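These notes concern the structure reproduced below.
Bear in mind that the values here come from a model prediction, so they are computed numbers and not experimental data.
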Amino acid sequence: MPPKGKKVTEDKKVILGRPGNNLKIGIVGLPNVGKSSFFNTLSQTDLGKAANFPYATIDPEEARIPVPDERFDWLCSVYKPASKVPAFLTCIDIAGLTAGASTGAGLGNAFLSHVRAVDGIFQVVRAFDDAEVIHVEGDVDPLRDMQIISTELRLKDIEWVEKELERLKKNSKNLGSVSLADKARKEELATVEKIYKCLVEDNRDVRKGAWTNKEVEVINGLTLLTAKPITYLVNLSERDFVRKKNKWLPKIKAWIDENNPGDSLIPFSVALEERLVNMSDEEKVAEAETLGLGKNASALGKITTAGYASLDLIRYFTCGPDEVRAWTVRKGIKAPQAAGVIHSDFENKFICGEIMAYDDLKEYGTEAGVKAAGKLRQQGKPYEVVDGDICYWKSGQ
């Protein structure tokens, strides 16, 4: 039993991945599966050079995509601000990976370094037939394509982990067991050996392993490819997407359940998205109703929301007549660091935050109503920001 008067506090779970709030998601897949066309519709630009040959995209293209949020829309309708700034997801279009990329085949080394630089992955999987769009492997087989990418990412991780093991073993020859520094280096070596076992013997991606907080910190220092969250985007023909049927979908779901259980799968159709992107809002609603898909036929909002969530990102709001703005922060962030996203002075000279929950504002209708109900809270430095909080920060001079 713990000593009397002492609180038992659970260690806060360390999140896999690069610390920070400016996180990026990379669009990955084999050549000619619809990556660049998807990026174009997502960003409503033609930045990603969609072309019917491998390596049409070599330098990764980047775009900031607004993340749809009904709460943000409602706050804008209440405050009627001069400026409206939603939350954004930064997406990068990365060139097509091919078999052998981990050993430098194609443009493998450059591509994998681009994947290493992002924090999460949208993996586009082709499940449509089209004789006019060549497939780098000759025919359409999404399971083979998924296995190729999984293998290439894992092989590159194994290569990096082997180099790290070599370095640590070289430096550990003269280690004693007395100093804290020696003990820490031994623990680091044991963690890297455990990572190697996960990849080689267990044949699992690093993000699917069971890790302690200390081990996660070591993994984060290695920026491994298989530690990044993956959302699988299955590119269907428009016909298959509308009728919600495709022979590959159940097999793809089974592959994910077996190899990477828990990862998200979202079917969509680049062909349909390309048609919708040039329509007005009224035309989009009419088209969705014609297709029997309710009021919204596009899957892009669902995709950006899933990508944002996969990176453990949340948002809080600042509201007033001048501006309603959504600020993106990492889940688990404390109040001073959340305030610092607006300006570093807010973090350095933090006094407190006046916080109200979005649901309370919606229930009581006005800030005065929230205050009268005793729901406006003053929170200090230990406060952990919750998704949807409406915050006013106070800082010193």
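- The nearest pair of heavy atoms linking Tyr316 to Ala338 is OH-O, 2.7 Å.
- No chain of hydrophobic side-chain contacts below 4.5 Å, direct or via other Ile, Leu, Val, Met, Phe, Trp or Tyr residues, connects Tyr358 to Val385.
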**Item:** Pair Leu42-Cys91, side-chain contact (heavy atoms from CB on, under 4.5 Å): steps then yes or no
**Value:** CA-CA 9 Å; Leu42 198 59; Cys91 286; 3.8 Å; yes

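- With sequence neighbours left out, Glu347 forms a salt bridge (charged side-chain N to carboxylate O under 4.0 Å, His left out) with no residue at all.
- When all heavy atoms are compared, the tightest approach of Lys244 to Leu293 is NZ-CD2, 3.4 Å.
- Between Phe241 and Pro267 the shortest heavy-atom distance is CE1-O, 3.5 Å.
- In this structure, Glu238 pairs ionically with Arg275, as a charged nitrogen and a carboxylate oxygen lie closer than 4.0 Å.
- Between the side chain of Asp202 and the backbone N or O of Arg204, no donor-acceptor pair lies under 3.5 Å.
- Hydrophobic clustering (side-chain heavy atoms under 4.5 Å, transitive across Ile, Leu, Val, Met, Phe, Trp, Tyr) groups Leu165 together with Ile195.
- Formation of a donor-acceptor pair under 3.5 Å by the Thr304 side chain with backbone atoms of Gly301 is found in this model.
- Arg126 forms no cation-pi arrangement with Trp248, by the criterion of a distance under 6.0 Å to the ring centre and an angle within 45° of the ring axis.
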**Request:** Would you sort out whether Glu217 and Lys214 count as a salt bridge (Lys or Arg N to Asp or Glu O under 4.0 Å), showing the intermediate values?
**Result:** CA-CA 5 Å; Glu217 283 167 1; Lys214 274 190 176 179; over 6 Å; no

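- No donor-acceptor pair closer than 3.5 Å links the side chain of Asp69 to the backbone N or O of Pro86.
- Side chains of Leu112 and Leu153 form a contact here, defined as non-hydrogen atoms less than 4.5 Å apart.
- The shortest heavy-atom contact between Asn246 and Asp240 is ND2-OD2, 2.9 Å.
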**Prompt:** How far apart are the C-alpha atoms of Asp93 and Lys35, what are their side-chain angles, what is the distance that settles it, and do they pass the salt bridge (Lys or Arg N to Asp or Glu O under 4.0 Å) test?
**Reply:** CA-CA 7 Å; Asp93 181 21; Lys35 291 185 315 304; 5.5 Å; no

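- Judged purely by distance below 3.5 Å, without hydrogens or angles, the side chains of Thr231 and Gln123 never pair a donor atom with an acceptor atom.
- Take Asp387 and apply the salt bridge (charged side-chain N to carboxylate O under 4.0 Å, His left out) test, not counting sequence neighbours, and it matches Arg71.
- Shown here for Asn296 and Ala288, the closest heavy-atom pair between the two residues is N-CB, 3.7 Å.
- The backbone N or O of Leu276 sits nowhere less than 3.5 Å from a side-chain atom of Glu287 that would complete a donor-acceptor pair.
- A donor-acceptor pair is defined here as one N or O able to donate and one able to accept, closer than 3.5 Å; such a pair exists between the side chain of Tyr392 and the backbone of Cys319.
- A donor-acceptor contact shorter than 3.5 Å is absent between the side chain of Asp389 and the backbone of Cys391.
- Listed for the Ser344 side chain is no donor-acceptor partner under 3.5 Å among the backbone atoms of Gly340.
- Taking Ser280 as the reference, Glu282, Glu283 meet the side-chain contact (heavy atoms from CB on, under 4.5 Å) condition, with sequence neighbours excluded.
- Every residue two or more places apart in sequence or in another chain that forms a salt bridge (charged side-chain N to carboxylate O under 4.0 Å, His left out) with Lys163 is listed here: Glu159.
- Legend: salt bridge (charged side-chain N to carboxylate O under 4.0 Å, His left out) pairs involving residues 348-376, not counting sequence neighbours, sorted by first then second residue: Glu354-Lys394.
- For Trp393 against Gly353, the heavy-atom pair with the smallest separation is CE3-CA, 3.6 Å.
- A side-chain donor-acceptor contact under 3.5 Å links Ser310 to the backbone of Gly307.
- If you look at Tyr308 and Phe88, their ring centroids are not closer than 6.0 Å.
- Side-chain contact check for Val192 versus Val161: some heavy-atom pair is nearer than 4.5 Å.
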**Audit row: Leu75, Leu361, side-chain contact (heavy atoms from CB on, under 4.5 Å) steps and yes/no** = CA-CA 9 Å; Leu75 290 169; Leu361 181 60; 3.6 Å; yes

**Message:** Show, in sequence, the C-alpha distance, side-chain angles and deciding distance for Asp263 and Arg207, and conclude whether the salt bridge (Lys or Arg N to Asp or Glu O under 4.0 Å) test is met.
**Reply:** CA-CA 10 Å; Asp263 285 356; Arg207 71 185 183 286; 2.5 Å; yes

**Request:** Determine, stepwise, if the pair Arg315 / Thr328 fulfils side-chain hydrogen bond (donor to acceptor under 3.5 Å, both in side chains).
**Result:** CA-CA 5 Å; Arg315 73 212 87 177; Thr328 293; over 6 Å; no

Scan the side chains in residues 18-25 for donor-acceptor partners under 3.5 Å anywhere in the protein, sequence neighbours excluded, and list what turns up.
| residue | atom | partner | partner atom | Å |
| --- | --- | --- | --- | --- |
| Arg18 | NE | Asp119 | OD1 | 2.8 |
| Arg18 | NH2 | Asn22 | O | 3.4 |
| Arg18 | NH2 | Asp119 | OD1 | 3.3 |
| Arg18 | NH2 | Asp119 | OD2 | 2.7 |
| Asn21 | OD1 | Arg330 | N | 3.0 |

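- Remark: side-chain polar atoms of Lys208 are paired, donor with acceptor, to backbone N or O of Pro261 under 3.5 angstrom.
- Side-chain contact, Arg154 with Asn203: a donor N or O sits under 3.5 Å from an acceptor N or O.
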